[in-house]
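Take this structure first; my questions come after.
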Number of protein chains: 2
Amino acid sequence: MTDNDPVIASFKRWVAMPVVTARCPVRDVLDRLGEKWTTLMIMALADGPKRFSELRRAVPDISKRSLTLALRNLEEDGIITRHVFPTNPPAVEYRLAPLGATMLEPLAGMIAWAERHHPEIQAARDRRRKELAAEV
Amino acid sequence: MTDNDPVIASFKRWVAMPVVTARCPVRDVLDRLGEKWTTLMIMALADGPKRFSELRRAVPDISKRSLTLALRNLEEDGIITRHVFPTNPPAVEYRLAPLGATMLEPLAGMIAWAERHHPEIQAARDRRRKELAAEV
DNA sequence: CGGGATCCCGCGGGATACTG
DNA sequence: CAGTATCCCGCGGGATCCCG
């Protein structure tokens with residue numbers, strides 16, 4: 001589309017390494033992003049802190065267990081912080097740490113791409129499905 | 001860091017939906033990106049087409065089976081294309097489709113972020129590990 | 001309310017062997 | 001070389017119950 005040379009150049013470095021062996025920084029971070037819920041958590045916290053139950057409502061189809069684990073991992077990585085208010089019943093607030101906030105921009109790029117190109121992906125999948133149906 | 005208001009605004013839209021129910025476009029794409037090898041494949045193909053065996057060498061710790069599956073999925077989504085040369089032995093070339101090429105830019109953003117902030121993440125993890133060791 | 005502890009199941013994905 | 005076909009195991013993650 002546009003001239004991607006600088007972008008491609010940035011990839012060449014990785015591709016030449018000879019690529020991305022098991023424990024490289026990039027794969028480390030990418031794996032964490034692959035963990036099904038982490039990305040959604042960051043998105044849900046983008047517009048400000050939320051409590052545990054608010055996060056559950058924000059992402060309805062997550063189990064308490066998985067929500068807890070996802071939040072713990074993100075906290076461990078310094079992406080979010082966790083504040084316990086010693087009220088009764090307890091209230092716990094999660095918010096993006098400064099490090100987490102810096103993720104929003106690249107993440108927004110991916111989201112925007114997903115939103116823009118999802119129709120094309122769907123079309124490609126439908127095409128493929130038709131082909132499969134036809135050749136039987 | 002910088003003023004993130006426009007970025008945050010883009011998230012608010014999703015967070016308000018009330019968020020990202022099970023089969024929304026964004027999660028659809030994000031799930032695919034989570035599939036452990038797909039992102040690496042796109043990276044490996046960024047600087048030009050590659051053959052099956054070249055991809056194996058580029059990402060040494062992937063099994064043939066998983067490589068095949070990852071490539072099939074990406075092809076199904078219209079991200080890459082697959083060309084078979086009827087030589088003997090056969091040669092198969094994979095390359096980014098136009099749709100796939102448009103992914104490089106947002107993906108490069110994530111890669112750059114990962115590269116830049118990985119030290120901070122490691123530091124946070126190490127800190128956490130020390131705390132755990134201390135409280136025993 | 002915000003978890004922890006257990007149990008349990010599915011499937012992602014590795015290892016191996018075979019094929020055109 | 002570029003796959004397919006099987007087999008099999010681990011663990012991600014849901015469901016359920018409990019607790020301060």
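Please read these numbers as outputs of a predicted model, since none were measured by experiment.
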Partner of P25(B) under side chain to side chain contact (heavy atoms under 4.5 Å, CB included), picked from R116(A), H118(A), E115(A), is H118(A)
May I have the distance from R32(B) (atom CZ) to dG12(C) (atom C1'), rounded to whole angstrom?
13 Å
The side chain of Y94(B) lies closest to which of these nucleotides: dG3(D), dC18(D), dA15(D)?
dG3(D)
Test side chain to side chain contact (heavy atoms under 4.5 Å, CB included), reference M103(A), set V29(A), L96(A), T39(A), I42(A), output is I42(A)
For the pair E54(A) and R57(A), find out whether any cationic side-chain nitrogen is under 4.0 Å from an anionic carboxylate oxygen.
no
Figure out the CH2/P separation between W37(B) and dC11(C), and round it to whole Å.
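Those two atoms, CH2 and P, are 21 Å apart.
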Residue-phosphate contact under 4.0 Å: S66(A) side-chain N/O, dG14(D) OP1/OP2:
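Affirmative; the distance criterion is met.
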Would you mind reading off the distance between E93(B) atom CD and dG3(D) atom P, rounded to a whole angstrom?
12 Å
Once hydrogens and angles are ignored, does a donor-acceptor distance under 3.5 Å link the base of dT6(C) to the side chain of R65(A)?
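Check passes, donor-acceptor contact within cut-off.
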Euclidean distance, atom CZ of residue R56(A) to atom P of dG3(C) [Å, nearest integer]
11 Å
Is there a side-chain polar atom (N or O) of R72(A) under 4.0 Å from OP1 or OP2 of dG3(C)?
yes
Going by an N to O cut-off under 4.0 Å, is there a salt bridge joining D31(B) and K36(A)?
no
Look at S53(A) and dG2(C) and indicate whether a side-chain polar atom (N or O) is within less than 4.0 Å of OP1 or OP2.
yes
One thing to verify: whether D61(B) and R27(A) come together as a salt bridge, which I'm taking to mean a side-chain N less than 4.0 angstrom from a carboxylate O.
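The answer is yes: the pair qualifies as a salt bridge.
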Roughly how many Å is it from NE2 in H83(A) to C1' in dC1(C), rounded to a whole number?
18 Å
Which comes earlier along DNA chain C counting from the 5' end, the contact point of L67(B) or that of R51(A), where each point is its nearest nucleotide?
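Looking at the nearest nucleotide for each, R51(A) comes out on the 5' side.
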Rounded to whole Å, please give me the gap between CD in E35(B) and P in dG12(D).
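Computing the E35(B):CD to dG12(D):P distance gives 16 Å.
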Among dG2(C), dG3(D), dC1(D), the nucleotide that comes nearest once only the side chain of P90(A) is considered:
dG2(C)
In whole Å, I'd like the distance from the CD atom of E75(A) to the P atom of dG3(C).
9 Å
Rounded distance (Å) that lies between atom P of dC19(D) and atom NZ of K64(A):
13 Å
